[in-house]
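Working notes, structure below.
Excluded from the calculations below are hydrogen atoms, water molecules and symmetry mates; all remaining heavy atoms, backbone and side chain alike, are included. The structure displayed is predicted, hence computed values, not measured ones.
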There are 2 protein chains.
Amino acid sequence: MSLSHALLNALLEYPGSGLELARRFDRSVGFFWPATHQQIYRELGRLEEAGLVKSTAQDGSRGRKKTYQVLPAGRQALETWVAQVDDPPALRDALLVRLRCEALLQNNSVANDLKHRLAQHQQQLADYRAIEQRDFADRPLNRAQTLRYLLLQSGLKHEANQAEFCKRALALIEVDS
Amino acid sequence: MSLSHALLNALLEYPGSGLELARRFDRSVGFFWPATHQQIYRELGRLEEAGLVKSTAQDGSRGRKKTYQVLPAGRQALETWVAQVDDPPALRDALLVRLRCEALLQNNSVANDLKHRLAQHQQQLADYRAIEQRDFADRPLNRAQTLRYLLLQSGLKHEANQAEFCKRALALIEVDS
DNA sequence: AGATCTTTTGCAACCAGTTGCAATTAGTTG
DNA sequence: CAACTAATTGCAACTGGTTGCAAAAGATCT
């Protein structure tokens, strides 16, 4: 049930409507917990029903827009949740299954997926580097910024690792193609 | 639909019954695509219905044991799948959501989850290192072994990164506790 | 033989993410 | 003003992983 808490987090930053949330999500909490707008609407409904959030109808815009804001009970629920503990998300990656299959099938078509992934990781890496330059280069950082930078660095390392892994795996399987 | 292919892969290595598979799974493909025995039974049923696998009743053991083996159509389906391409699995991690919340709530209780995760990553790291010593140290490796070593190295790096990340985040948030 | 324990198989309900589409309302244009 | 488009909200069905539990059948014990 992390989506609800991600939403509470986003609404605590600024109150907003479902669509606003859905948009902001992509560039904020949704980075760590992606969600579609349908999921978001469904969850907002549940949060309201649970009394963690309240909505007020909004005129002067299209559709029947509602603005949501967090109630004290919602903030409390978020605090409780933050203090809890989860196991790390399970690894579950089709590419790695493919690599295992390759060993059996003697068929180097995994290269397709490897190349695709390599390209994506390189792209992601480039994006992260751009963000690093834009937001964190050559300037003093406060605590919150340092934390965000830490997250970015972790992402950078991860993408670099993955790209490196793809390259090495490609080198290995393409020897006998 | 990767579980079905993970199963085909496992069955191609050795035919076996549902339970045998479920046991082997934990130490093989299931590492990259975990599954419970209920999932496995359900999926074996579907695979059989789809004509990719056939089962033969097995006497001389408890329960109504069935042994499954892959049919040519199954092998074909696996080959086709291996040649396909998937997007990398989406990142979805409650810990990172918690860290974002922490910035808002000024409440350093994320430390709970961070410490828990740190311990798990360190444990995992130790396990991987043991495997590295046992299986890959100081010996020549053939192609399949090199590939497996590559996977292990990737896992090692990942765990090391994660542990490092947890440590740094802890240092950061515990300053003002 | 009957009770019960273990192995093996499996059903059913649930939960959460995904996909496709529809309904409502407001601005915009011909 | 009618038709159309865009923004906003939302339903419904599907898929796949999770959980809890139960049925079948041989093994074991008394």
Proximity to DNA chain D (any heavy atom under 4.0 Å), residues of residues 40-49 of chain B only: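 Residues of residues 40-49 of chain B that come under 4.0 Å of DNA chain D are, in numerical order, Arg42(B).
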Minimal non-hydrogen separation, [X] against [Y], with atom names:
| X | Y | answer |
| --- | --- | --- |
| Val97(B) | Phe32(A) | CG2-CB, 4.1 Å |
| Leu91(A) | Phe31(B) | CD2-O, 4.0 Å |
| Val53(B) | Val70(B) | CG2-CA, 4.0 Å |
| Arg92(A) | Pro34(B) | NH2-O, 2.9 Å |

dT8(D) phosphate, OP1 or OP2, under 4.0 Å from Arg23(A) side-chain N/O: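 The answer is yes; a side-chain N or O of Arg23(A) sits under 4.0 Å from OP1 or OP2.
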Base dG17(C) to side chain Gln39(A), donor-acceptor N/O within 3.5 Å cut-off: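 Checked by distance alone, the answer is no.
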Base of dG17(D) paired with side chain of Gln38(B) (donor-acceptor, under 3.5 Å):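 In this structure, the two groups form no donor-acceptor pair.
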Gap between atoms [atom1] and [atom2], on [X] and [N] respectively (whole Å):
| X | N | atom1 | atom2 | answer |
| --- | --- | --- | --- | --- |
| Lys66(B) | dA25(D) | NZ | P | 12 Å |
| Arg24(A) | dT8(D) | CZ | P | 13 Å |
| Lys65(B) | dT9(C) | NZ | P | 7 Å |
| His37(B) | dG17(D) | NE2 | P | 15 Å |
| Asp93(A) | dG17(D) | CG | P | 14 Å |
| Leu19(A) | dG10(D) | CG | P | 11 Å |
| Met1(B) | dT15(D) | CE | P | 9 Å |
| Leu21(B) | dT7(C) | CG | P | 18 Å |

Given DNA chain C, 5'-ward residue of the pair Arg92(B) and Tyr68(B), judged by closest heavy atom: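 Comparing both residues, the 5'-ward one is Tyr68(B).
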First of Gly18(B) and Ala90(B) reached from the 5' end of DNA chain C, by closest nucleotide: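 Going by which nucleotide is closer to the 5' end, it is Gly18(B).
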Tyr149(B) and Phe136(B) aromatic ring geometry - parallel, tilted or perpendicular at 30°/60° bounds: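 Taking Tyr149(B) first and then Phe136(B), their aromatic rings lie parallel (interplane angle under 30°).
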Side-chain H-bond candidate by donor/acceptor type, His158(B) with Gln162(B), under 3.5 Å: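 Gln162(B) and His158(B) do not have a side-chain donor-acceptor pair below 3.5 Å.
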Sequence neighbours excluded - ring pair (Phe, Tyr, Trp, His ring centres under 6.0 Å) pairs with any residue from residues 83-104 of chain A: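 Those involving residues 83-104 of chain A do not exist here.
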